[in-house]
Amino acid sequence: MLYFIYDYTFEGLLTAIFDIYNRKVFPDRIQGGHLPVPLFTETYTVVSDPEKADRVIEGLKKKISRQALHHLFICYLSEIENIEASLFRYIRKTLESPSGIEVNFADEDVLFLSKIYKKVQNEAERVKQFVRFQKTADGIYLAIMDPLYNVLPLCSDFFQDRYADQSWLVYDSRRNYGLFYDLRKTEVVHFDQPIRPLQTGKMEDEHLDESEIAFQRLWNDYLKAITIRERKNLRLQRQFMPKRFWKYLTEKQ
């Protein structure tokens, strides 16, 4: 068996596809270097190369629309098991097809990736809708999320446009990275050590701005005042907002 090992980036995946065609060797699997490799498996380590990745992109542009090309990136962000195989088969069929296959939903890979695309897009919309910021003691607005898919790259422009007048950090606790906006630009940030509030979403009062503490108390008091306990419908609440988002809501803590 032959495994192509890449650096778990979209650019690295495209480089791997370029190397496959260049070497004329088709591996049994393409996977990120963070995953274990079975014993007695031959491996080839892919070194990400922007020029090689661009050549694959230019080849795809001749066969499919820019929108379809962007859809491939979105599908990659799903991080589902062995998504590389589906993307490789799709790209291979596209490059070898006279006119491209992006609307050929009779093809199982086209149909599969179209479903994955919708799931990732829907998750990105949920993150935009359900994000909740807390103002920290140092004046930064912090939001913790735990999305099913790696959708923060799809939300960056939205957050920067909507919250352009404040410094904020949107953190993905599942993947341990975040987007930080400093009133000028948005950057990807990582933390060497896990920070408890970033994992749980619960900030202690000592880390919050005084106005944030007051607003949270007012919000809870307001909800208690308007809630009719006899009409509480948790099933309906879950329909409007998945329960996995509840732990980041002030009123649910």
Trace of the side-chain contact (heavy atoms from CB on, under 4.5 Å) decision for Glu187 with Leu179: CA-CA 6 Å; Glu187 295 181 329; Leu179 299 176; over 6 Å; no

Side chain to side chain, Cys155 and Val170, heavy atoms closer than 4.5 Å: no

Joint hydrophobic cluster, Phe112 plus Leu60, side-chain heavy atoms closer than 4.5 Å: yes

Thr136/Asp209 under side-chain contact (heavy atoms from CB on, under 4.5 Å): CA gap, chis, key distance, verdict: CA-CA 5 Å; Thr136 63; Asp209 186 84; over 6 Å; no

Lys/Arg N to Asp/Glu carboxylate O, Arg55 vs Glu51, below 4.0 Å: no

Qualifying residue, where the test is ring pair (Phe, Tyr, Trp, His ring centres under 6.0 Å) with Tyr171 and the options are Phe133, Tyr177, Tyr141, Phe191: Phe191

Within-4.5 Å side-chain heavy-atom neighbours: Ile91 and Leu72: yes

Mutual orientation of the aromatic rings belonging to Phe88 and Phe26 [parallel < 30°, tilted 30-60°, perpendicular > 60°]: tilted

Phe215 CZ: over 12 foreign heavy atoms closer than 6.0 Å: no

Minimum-distance pair of heavy atoms, taken over all atoms of Arg175 and Pro147: NH1-O, 3.0 Å

Any donor-acceptor N/O pair, Asp28 side chain to Leu2 backbone, under 3.5 Å: yes

Rounded distance [0.5 Å steps], CD1 in Ile74 versus CG in Leu69: 10.5 Å

Hydrophobic cluster membership, Ile57 vs Ile30, 4.5 Å side-chain cutoff: yes

For the student: nearest non-hydrogen atoms of Leu35 and Gln31, plus distance: O-NE2, 3.3 Å

Set of side-chain hydrogen bond (donor to acceptor under 3.5 Å, both in side chains) partners for Arg244, sequence neighbours left out: Glu123

Heavy-atom pair of closest approach, residues Glu206 and Ala137: O-CB, 4.4 Å

Neighbour count above 12 (heavy atom, 6.0 Å) for Gln67 CD: no

Spacing of Ile17 atom CD1 and Asn22 atom CG [to the nearest 0.5 Å]: 13.5 Å

Side-chain donor or acceptor of Thr15 paired with backbone N/O of Asp49 under 3.5 Å: yes

Flag for Ser48-Asp7: side-chain donor and acceptor within less than 3.5 Å: yes

Exceeds 12 heavy-atom contacts within 6.0 angstrom, atom OH of Tyr222: no

Tyr163 reachable from Leu169 in the ILVMFWY side-chain graph, under 4.5 Å edges: no

Heavy atoms from other residues, nucleotides or ligands near CD of Glu210 exceed 12 (cutoff 6.0 Å): no

Pair Gln121-Glu125, side-chain donor/acceptor within less than 3.5 Å: no

Interatomic spacing from CZ in Phe240 to CD in Gln129 - rounded to 0.5 Å: 12.0 Å

Non-neighbouring partners of Phe159 that pass ring pair (Phe, Tyr, Trp, His ring centres under 6.0 Å), sequence neighbours left out: Trp168

Linked, directly or transitively: Leu77 and Val131 (ILVMFWY side chains, under 4.5 Å): yes

Any pair counted as ring pair (Phe, Tyr, Trp, His ring centres under 6.0 Å), so long as it reaches residues 54-79, sequence neighbours left out: Phe10-Phe73, Phe10-Tyr76, His71-Tyr117

Minimum heavy-atom distance Arg132-Met241, with the two atoms named: NH2-CE, 4.0 Å

Lys135 NZ to Ser167 OG distance, which is reported to the nearest 0.5 Å: 10.5 Å

Gap between atom CG of Leu218 and atom CD1 of Ile213 - 0.5 Å precision: 12.0 Å

Pair listing, ring pair (Phe, Tyr, Trp, His ring centres under 6.0 Å) test, anchored in residues 29-53, at least two apart: Phe4-Tyr44, Tyr8-His34

Test log, rule salt bridge (Lys or Arg N to Asp or Glu O under 4.0 Å), inputs Lys232 and Glu230: CA-CA 6 Å; Lys232 182 181 291 186; Glu230 293 75 15; over 6 Å; no

Test item: Met1 and Glu42 side chains (from C-beta on) under 4.5 Å apart, heavy atoms: no

Side-chain donor-acceptor pair present, Tyr6, Asp19, cut-off under 3.5 Å: no

Partner residues of Asp146 under the side-chain hydrogen bond (donor to acceptor under 3.5 Å, both in side chains) criterion, sequence neighbours left out: Arg174

Val110 to Ile101 - nearest heavy-atom pair and separation: CG2-O, 3.4 Å

Sidechain-backbone polar pair: Thr41 side chain, Pro38 backbone, donor-acceptor under 3.5 Å: yes

Cluster overlap Ile83 with Tyr149, hydrophobic side-chain contacts below 4.5 Å: yes

Side-chain donor/acceptor of Asp182 to backbone N/O of Lys185, under 3.5 Å: yes

Tyr181 versus Gln166, closest heavy-atom pair with distance: CD2-O, 3.2 Å

Residue pairs involving residues 101-116 (criterion side-chain hydrogen bond (donor to acceptor under 3.5 Å, both in side chains); sequence neighbours excluded): Ser65-Glu102, Arg89-Asp109, Lys93-Asp107, Lys93-Asp109

Steps toward side-chain contact (heavy atoms from CB on, under 4.5 Å) verdict (Thr43, Val37): CA-CA 9 Å; Thr43 62; Val37 177; 3.8 Å; yes

Pair Arg238-Leu234, side-chain contact (heavy atoms from CB on, under 4.5 Å): steps then yes or no: CA-CA 6 Å; Arg238 287 192 291 268; Leu234 296 180; 3.8 Å; yes

Pairwise distance CG(Asn220) to OG1(Thr227) - rounded to 0.5 angstrom: 10.0 Å

Check: Phe130 and Pro242 side chains under 4.5 Å, non-hydrogen atoms: yes

Residue Lys118 excluded, over 12 heavy atoms near NZ under 6.0 Å: no

Distance under 6.0 Å and angle within 45° of ring axis: Lys52 vs Phe18: no

